[in-house]
Amino acid sequence: MASQLFLNLPVQDLQRSVGFFTALGFTFNPDFTDENATCMVVNENAYVMLLVEAYFKTFTTKEVAGTKGSAEAIIAYSVDSREAVDQAVQTALANGGSASQDAQDYGFMYNHSFQDPDGHLWEVFWMDPAGPPDASPSEEASPGPQS
C-alpha cells in the first residue's frame with residue numbers, strides 16, 4: 001500500500017501558481033522548490049508538485065494536455081465545513097482562478113469547483129462524517145427498478 005501521494009502538474013508561471021495556492025492556504029516545502037518546481041503540501045502524506053511546463057516535459061514522452069480546452073483530471077480535496085467550501089472557491093476566483101461547475105448540495109455532502117490559472121480542475125468538498133443517510137427499509141428490499 002502506498003504511504004504518500006505526489007501529484008505532478010505542469011504550470012506556465014510557477015510564481016503565479018505559488019501565489020494562487022498560497023492564497024488558498026497551502027504551504028510549500030522549500031527543500032523541494034527551485035526555479036523549475038515546488039512542492040505544495042496538502043497534508044503530511046499528500047503533495048502536489050507544480051512543475052514549469054518545460055521541466056514537466058522532461059518526465060514524459062507524451063504531449064502535455066492543454067487544460068484550457070480539455071480536462072486531464074479533477075483534483076478534489078476536503079475541507080471542514082460548507083462555509084469553507086464556499087470560502088475556498090471565492091478565494092480562488094479572487095486570485096486568478098475561474099469558475100468551473102455550480103455548487104452541488106447532496107445534504108450529507110457539499111461541493112463546488114474552480115479552475116486554477118493553468119486550467120486544472122479543482123473540486124472542494126465537505127462531507128458529513130456520519131455519511132449519507134441510511135436507506136429506508138423499502139429501498140433495501142427493492143434494490144432496483146421493478147417491471
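The first residue in the sequence is number 1, and the count goes up from there.
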Exceeds 12 heavy-atom contacts within 6.0 angstrom, atom CG of N43: yes

Interatomic distance, L93 atom CG to Q115 atom CD [nearest 0.5 angstrom]: 10.0 Å

Partner set under salt bridge (Lys or Arg N to Asp or Glu O under 4.0 Å) for D105, not counting sequence neighbours: R82

Pair F20 + W122: ring centers closer than 6.0 Å: no

Shortest non-hydrogen contact from V18 toward T38: CG2-CG2, 3.8 Å

Heavy atoms of other groups near L7 CG, more than 12 under 6.0 Å: yes

Over 12 non-hydrogen atoms of neighbours within 6.0 angstrom of CD in Q101: no

Sub-4.5 Å side-chain heavy-atom contact between V48 and V42: yes

NZ/K68: more than 12 non-hydrogen atoms of other groups inside 6.0 Å: yes

Whether over 12 other heavy atoms sit under 6.0 Å from D102 CG: no

Minimum heavy-atom distance Q12-D118, with the two atoms named: N-OD1, 2.8 Å

Centroid-centroid distance, F32 to F28, less than 6.0 Å: no

